[in-house]
Asker: 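Handing you this structure, nothing more for now.
Model, not experiment: these values are computed from the prediction.
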Amino acid sequence: MTHASPHASPHAAHDQGAPTIHQHGQQHDTDGQAEILDLDAEVLAEHNAAITAWLPVRATPRHIVDLGCGTGAGTLTLLKRFPEAEVTAVDSSTSHLRRLLEKAESQGPAGRVHTVQADLDTAWPELGRPDLVWASASMHHMADPDRTLRQIHETLTPGGLFALVELAGFPRFLPADAPADRPGLEERCHAALDHHHAEHVPHRGADWGPKLTAAGFTVEGERTITVNLGPPHTEAVGRYALSSLRRLRGSVTEALTVEDLAALDQLLNTEGPHSILRRDDLTVRTERTVWAARRT
């Protein structure tokens, strides 16, 4: 159930571009990332639940690891799906882990959540022998995903399940003819972002089935869930669109024409007449693919 780094899942954050920021003076970026992760969890809660319901578990897992947990969309969904389980949530961002624990406390299952702050590209933490490992929108950010898959395979208990969830990039929100003065703006932004990711995130869009097999897994299922919500849309969808396009702008600014950048800025200006928050025709359109792979 983002952006993000290999150790700080965008879960959704739909390849929100930058890794989790730790440097002083850049807390605003981390806060913005947390906001979009929370909105993703709220808007797409039903779809996240559908993914966990589909998982071909043989027995109710008692210990789950969420790799790149972000602010906890996957962790909390898994806790609801498996009420007898405990989750070890792993992320490089201490602020995201703090936010996850706050949400777990407010929703009840805080005692079943254990957090581990770790950069998975640097050192593999001690995670015990989980029955289920979950990684949503984090694997393609790994420096060496094949090595990470082998580490996950060795970490799982024999017969345990690995659920790998990947997103089709940023969701789309606007109709094709919007905005009126620059129709097709969103698609041009996505094309520029795809070019950016081709250079900086080479594993995005990978076919994970063969990689899982090469790491020793048996792939037991693959499913793509298509999301198409609204209109009408909720207030959260408007904020989700605003936060997503704000983060997208940071990655595509140099690739846009002056006219497209001006039109995008009008959408992002919450005080202006063309603000995306004022539109009543927004939809949330994206896809999520999940692979279920077993350690045999």
Asker: Kindly compute the distance separating CD (Glu222) from OG1 (Thr289), expressed to the nearest 0.5 Å.
Answerer: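 It comes to 6.5 Å.
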Asker: Let me confirm one number: the CG-SG distance from Leu261 to Cys189, rounded to the nearest 0.5 Å.
Answerer: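 Here the rounded value is 8.5 Å.
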Asker: Which residue in the set Ile51, Ile225, Thr224 passes side-chain contact (heavy atoms from CB on, under 4.5 Å) when paired with Val290?
Answerer: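 Testing Val290 for a side-chain contact (heavy atoms from CB on, under 4.5 Å) against Ile51, Ile225, Thr224 leaves exactly one candidate, Ile51.
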Asker: Determine yes or no for a side-chain-to-main-chain donor-acceptor pair under 3.5 angstrom, with Arg188 supplying the side chain and Pro183 the backbone.
Answerer: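 Judged by distance alone, yes, a pair lies under 3.5 Å.
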Asker: Taking the side chain from Asp91 and the backbone from Leu97, do they hold a donor-acceptor pair closer than 3.5 Å?
Answerer: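 It does not hold such a pair.
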Asker: Tell me the closest heavy-atom pair linking Ala85 and Ile64, and the distance in Å.
Answerer: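 Smallest heavy-atom distance, with atoms named: CB-CD1, 3.8 Å.
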Asker: Heavy atoms, side chains only, cut-off 4.5 Å: are Leu229 and Leu44 in contact?
Answerer: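 They are in contact (side-chain heavy atoms under 4.5 Å apart), so the answer is yes.
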Asker: If I compare all heavy atoms of Pro171 with all of Glu186, which pair ends up nearest, and what's the gap?
Answerer: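 Closest approach of Pro171 to Glu186: O-OE2, 4.1 Å.
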Asker: Who passes side chain to side chain contact (heavy atoms under 4.5 Å, CB included) against Arg246, sequence neighbours left out?
Answerer: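 Listed in chain order: Leu242, Leu268, Thr270.
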Asker: Between Leu245 and Phe170, is the side-chain contact (heavy atoms from CB on, under 4.5 Å) condition met? List the steps.
Answerer: CA-CA 9 Å; Leu245 290 179; Phe170 271 92; over 6 Å; no
Asker: At their closest point, which heavy atom of Val113 faces which heavy atom of Ala104, and how far apart are they?
Answerer: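 For Val113 versus Ala104, the nearest heavy atoms are CG2-CB, 4.0 Å.
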Asker: Does the pair Thr148 and Leu120 meet the rule for a side-chain contact (heavy atoms from CB on, under 4.5 Å), with working shown?
Answerer: CA-CA 8 Å; Thr148 303; Leu120 298 178; 5.5 Å; no
Asker: Quick one: list whatever passes ring-ring contact (aromatic ring centres under 6.0 Å, His included) with His63, sequence neighbours left out.
Answerer: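 If we apply the ring-ring contact (aromatic ring centres under 6.0 Å, His included) test to His63, skipping adjacent residues, there are no hits.
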Asker: Measure the shortest side-chain to side-chain distance between Met139 and Lys211 over non-hydrogen atoms and say whether it is less than 4.5 angstrom.
Answerer: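 Not in contact.
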Asker: Under 3.5 Å, is there a donor-acceptor pair linking the side chains of Thr155 and Trp124?
Answerer: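 Their side chains do contain a donor-acceptor pair, which is all the 3.5 Å distance test asks for.
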Asker: Look at Glu154 together with Arg150 and state whether they make a salt bridge at an N to O cut-off of under 4.0 Å.
Answerer: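 Salt bridge between Glu154 and Arg150, a charged N being under 4.0 Å from a carboxylate O: no.
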Asker: Does any non-hydrogen side-chain atom of Arg278 lie less than 4.5 Å from one of His274?
Answerer: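 With C-beta onward as the side chain, the pair stays apart.
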Asker: Begin with the C-alpha distance, continue with both residues' side-chain angles, and end with the deciding distance and a verdict on side-chain contact (heavy atoms from CB on, under 4.5 Å) for Phe217 and Arg294.
Answerer: CA-CA 5 Å; Phe217 287 100; Arg294 194 172 304 280; 5.8 Å; no
Asker: Could you see if Leu267 belongs to whatever hydrophobic cluster contains Val237? Use Ile, Leu, Val, Met, Phe, Trp, Tyr and a side-chain cutoff under 4.5 Å.
Answerer: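 Linked, Leu267 and Val237 end up in one cluster.
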Asker: Which pair of non-hydrogen atoms, one from Asp66 and one from Cys69, has the smallest distance, and what is that distance?
Answerer: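 The answer is OD2-CB, 3.4 Å.
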Asker: Any side-chain heavy-atom pair from Asp265 and Arg249 closer than 4.5 angstrom?
Answerer: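 Yes, side chains in contact.
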Asker: Do the side-chain N and O atoms of Asp119 and Ser92 include a donor-acceptor pair separated by under 3.5 angstrom?
Answerer: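 Side-chain D/A pair, Asp119 to Ser92: absent.
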Asker: Hey, any chance Leu248 and Val43 share a hydrophobic cluster, counting ILVMFWY side chains that come within less than 4.5 Å of each other, even indirectly?
Answerer: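 Linked within one cluster.
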Asker: Determine the minimum heavy-atom distance between Gly68 and Ser138, stating which atoms define it.
Answerer: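 For Gly68 and Ser138, the tightest heavy-atom pair comes out as CA-CB, 4.4 Å.
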Asker: Is Arg58 salt-bridged to Glu220, going by a charged N under 4.0 Å from an acidic O?
Answerer: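 Yes, this pair counts.
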Asker: Is there a side-chain contact between Leu149 and Trp208, using heavy atoms and a 4.5 Å cut-off?
Answerer: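 Of all side-chain heavy-atom pairs linking Trp208 with Leu149, at least one is under 4.5 Å.
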Asker: Counting C-beta onward and ignoring hydrogens, is there a side-chain heavy-atom pair between Leu132 and Leu78 closer than 4.5 Å?
Answerer: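 Touching, per the 4.5 Å side-chain cut-off.
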Asker: So how far is it from Gln33 CD to Ser93 OG, rounded to the nearest 0.5 Å?
Answerer: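 These two atoms lie 7.0 Å from each other.
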Asker: Counting distance only, does the side-chain N/O of Gln151 pair as donor-acceptor with the main-chain N or O of His153 below 3.5 Å?
Answerer: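 No; judged by distance alone, with no hydrogens or angles, the pair does not exist.
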Asker: Does the pair Arg182/Asp260 count as a salt bridge with the N-to-O cut at 4.0 Å?
Answerer: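 Answer for the salt bridge query: yes.
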Asker: Tell me, do Phe82 and Val57 make a side-chain contact under 4.5 Å, heavy atoms counted?
Answerer: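 Yes; the side chains approach each other to less than 4.5 Å.
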Asker: To the nearest 0.5 Å, tell me how far Thr75 OG1 sits from Lys103 NZ.
Answerer: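 Rounded to the nearest 0.5 Å, the OG1-NZ separation comes out at 9.0 Å.
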Asker: The test is side chain to side chain donor-acceptor pair (under 3.5 Å); show your working for Thr157 and Asp131 and say whether it passes.
Answerer: CA-CA 6 Å; Thr157 189; Asp131 312 296; 5.1 Å; no
Asker: Say whether Asn48 and Thr77, considering side chains only, have a donor N or O and an acceptor N or O under 3.5 Å apart.
Answerer: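 No.
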Asker: Donor-acceptor pair, Ser275 side chain versus Gly272 backbone, under 3.5 Å?
Answerer: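 The answer is no, because no donor-acceptor pair under 3.5 Å joins these two groups.
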Asker: Looking at Arg172 and Glu187, does any basic side-chain N land under 4.0 Å from a carboxylate oxygen?
Answerer: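 Glu187 and Arg172: salt-bridged.
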Asker: If the condition is side chain to side chain contact (heavy atoms under 4.5 Å, CB included), which residues does Glu86 pass it with, not counting sequence neighbours?
Answerer: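 Residues passing side chain to side chain contact (heavy atoms under 4.5 Å, CB included) with Glu86: Arg112, His114.
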Asker: Please indicate whether Glu105 has more than 12 foreign heavy atoms, meaning atoms of other residues, nucleotides or ligands, lying under 6.0 Å from its CD.
Answerer: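 No, because the 6.0 Å sphere around CD of Glu105 holds 12 heavy atoms or fewer from other groups.
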Asker: Taking the side chain from Arg129 and the backbone from Leu156, do they hold a donor-acceptor pair closer than 3.5 Å?
Answerer: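 Confirmed, Arg129 side chain pairs with Leu156 backbone.
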Asker: Could you tell me the separation between the CG atom of Leu127 and the OG1 atom of Thr88, rounded to the nearest 0.5 Å?
Answerer: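 OG1 of Thr88 is found 6.5 Å from CG of Leu127.
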Asker: Give, for atom OG1 of Thr71 and atom CG of Leu37, the distance between the pair rounded to the nearest 0.5 Å.
Answerer: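 Those atoms lie 4.5 Å apart.
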Asker: Could you go step by step and tell me if Arg239 and Glu42 meet the side-chain contact (heavy atoms from CB on, under 4.5 Å) rule?
Answerer: CA-CA 11 Å; Arg239 290 187 288 118; Glu42 179 180 352; 3.9 Å; yes
Asker: Is a donor on one side and an acceptor on the other found under 3.5 Å between the side chain of Arg81 and the backbone of Thr52?
Answerer: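 Yes, because the side chain of Arg81 sits within donor-acceptor range (under 3.5 Å) of the backbone of Thr52.
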Asker: Would you say Phe162 and Trp291 make side-chain contact, with heavy atoms under 4.5 Å?
Answerer: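 No. Closest side-chain heavy atoms not under 4.5 Å.
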Asker: Looking only at heavy atoms, what is the nearest atom pair of Ala163 and Leu55, with distance?
Answerer: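 Taking every non-hydrogen atom into account, CB-CD2, 3.7 Å.
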